[in-house]
Amino acid sequence: MHNLNQQLFFTVNNLANKSIFFDNFFIFLTNTGFKIILIAVVFYLFFILPLKKNNSLEKLKLWGQATLITISTFVTWGVVWVIKVMISAPRPFEVLSGTKLLVEETVKTSFPSNHAAISFALATSVYFYHKKLGIFLFIIAILVALSRMYVGVHFPIDIIAGSIIGILISYGITRFFRTKKS
């Protein structure tokens with residue numbers, strides 16, 4: 001498994017420094033684009049979408065959904081950070097020679113990927129209420145996850161674990177509150 005993890009990492013990471021377009025795209029996505037997308041989606045869910053409704057009950061329902069989506073994302077972030085502190089796994093560039101590092105990473109723990117976890121948590125919880133936007137966010141989540149290997153800061157196992165954590169937490173929180181409401 002360890003060898004497969006490294007092989008998959010190098011399969012993606014070795015694509016770095018071959019295309020200025022892809023290098024810039026993945027650097028932007030992993031550093032800034034990821035945050036812009038999070039903020040834009042939260043803004044859309046809390047402000048833009050409810051403004052389209054005239055009915056106060058509908059607005060309240062949308063704000064409740066946006067709140068649950070935000071809670072799922074924050075809970076995911078907290079769980080990932082607890083796991084990171086407990087496991088404290090090194091990043092690829094710290095243990096593998098030949099890693100193409102395209103970004104500076106100040107946090108020294110690799111497992112699990114917080115970017116993947118948050119991206120997949122957001123996509124999962126949004127999908128429950130807004131299918132088309134959720135599908136779009138799953139595509140973005142996959143690109144964010146790949147960007148973390150491309151720029152040299154995460155192993156595939158970090159990405160897989162983060163993705164699963166994000167999906168399970170969002171699914172669990174959303175299902176719990178949807179069941180309670182009924």
Side-chain angles (χ1 to χ4, degrees), residues 1-14 16 26-43 45-46 66-128 134 137-177:
M1 181 67 160
H2 181 67
N3 198 16
L4 179 61
N5 196 35
Q6 288 181 8
Q7 287 175 341
L8 289 172
F9 169 76
F10 278 122
T11 298
V12 176
N13 184 248
N14 282 336
F26 283 121
I27 290 168
F28 173 78
L29 186 60
T30 207
N31 283 339
T32 308
F34 168 72
K35 295 169 191 157
I36 290 171
I37 291 165
L38 282 172
I39 292 167
V41 169
V42 170
F43 184 80
L45 294 174
F46 271 107
T67 301
L68 268 181
I69 291 165
T70 304
I71 288 169
S72 295
T73 305
F74 273 109
V75 169
T76 299
W77 174 80
V79 168
V80 166
W81 278 108
V82 167
I83 294 169
K84 279 183 173 288
V85 169
M86 290 172 34
I87 294 179
S88 193
R91 293 198 179 266
F93 63 86
E94 296 175 307
V95 294
L96 296 177
S97 62
T99 298
K100 297 175 182 176
L101 184 62
L102 301 184
V103 297
E104 215 174 289
E105 190 61 54
T106 56
V107 177
K108 296 295 180 194
T109 56
S110 184
F111 183 87
S113 168
N114 209 16
H115 280 69
I118 290 171
S119 297
F120 277 93
L122 182 66
T124 301
S125 54
V126 167
Y127 181 80
F128 271 99
L137 290 174
F138 274 117
I139 293 166
I140 296 296
I142 291 166
L143 289 172
V144 167
L146 284 173
S147 78
R148 302 303 285 166
M149 288 188 291
Y150 187 95
V151 300
V153 296
H154 277 296
F155 288 107
I157 194 71
D158 305 334
I159 302 300
I160 293 166
S163 302
I164 291 169
I165 290 167
I167 290 168
L168 290 178
I169 289 174
S170 283
Y171 179 83
I173 288 173
T174 306
R175 293 302 298 172
F176 176 79
F177 283 100

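This is a predicted model, so every value here is computed, not measured.
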(Q) I'd like to check F9 versus L96 (side-chain heavy atoms, cut-off strictly below 4.5 Å). Are they in contact? (A) yes

**Q.** Approximate separation, where rounding is to 0.5 Å, of T174 OG1 and L68 CG
**A.** 6.0 Å

Q: Nearest 0.5 Å please: distance from the OG1 atom of T76 over to the CG atom of L168.
A: 9.5 Å

Q. What closest approach, in Å, do F34 and H115 show between heavy atoms, and which atom pair accounts for it?
A. CD2-CD2, 3.4 Å

Q. So, for V151 and N13, which heavy atoms are closest and what is the spacing to 0.1 Å?
A. C-ND2, 4.0 Å

Q | Gap between atom CE of M149 and atom OG1 of T11 - 0.5 Å precision | A | 9.0 Å

Q: Measure across A121 and T73 and return the closest heavy-atom pair with its distance rounded to 0.1 Å.
A: CB-CA, 4.4 Å

Throw together a table of side-chain donor-acceptor distances under 3.5 angstrom for residues 82-90, partners on residues two or more places apart or in other chains.
| from | atom 1 | to | atom 2 | distance (Å) |
| --- | --- | --- | --- | --- |
| K84 | NZ | T109 | O | 2.8 |
| K84 | NZ | P112 | O | 3.0 |

Q.
Using 0.5 Å steps for rounding, measure from the CZ atom of F177 to the OG atom of S72.
A. 8.5 Å

Q. Do the non-hydrogen side-chain atoms of I37 and L137 ever get within less than 4.5 Å of each other?
A. yes

**Q.** Audit row: I36, F28, side-chain contact (heavy atoms from CB on, under 4.5 Å) steps and yes/no
**A.** CA-CA 10 Å; I36 290 171; F28 173 78; 4.0 Å; yes

Q. Of the non-hydrogen atoms in I69 and L45, which two are nearest, and what is the gap between them?
A. CD1-CD1, 3.6 Å

**Q.** I164 side, atom CD1; I159 side, atom CD1 - distance, nearest 0.5 Å
**A.** 11.5 Å

Q.
Within the structure provided, determine whether Y150 and T30 are in side-chain contact (heavy-atom separation under 4.5 Å).
A. no

Q | Residues that F128 engages under ring-ring contact (aromatic ring centres under 6.0 Å, His included), provided they are two or more places apart | A | Y171

Q.
If the condition is side chain to side chain donor-acceptor pair (under 3.5 Å), which residues does D158 pass it with, not counting sequence neighbours?
A. S110, H154

Q. At what distance, to the nearest 0.5 angstrom, does CZ of F155 lie from CZ of F10?
A. 7.5 Å

Q.
If you compare all heavy atoms of V144 against all heavy atoms of S119, which two are closest, and at what distance to 0.1 Å?
A. CG1-OG, 3.4 Å

Q) If you look at every heavy atom in A145 and A116, which pair is closest and at what distance? A) CB-CB, 4.3 Å

Q) Is atom NZ of K35 surrounded by more than 12 heavy atoms (other residues, nucleotides or ligands) closer than 6.0 Å? A) no

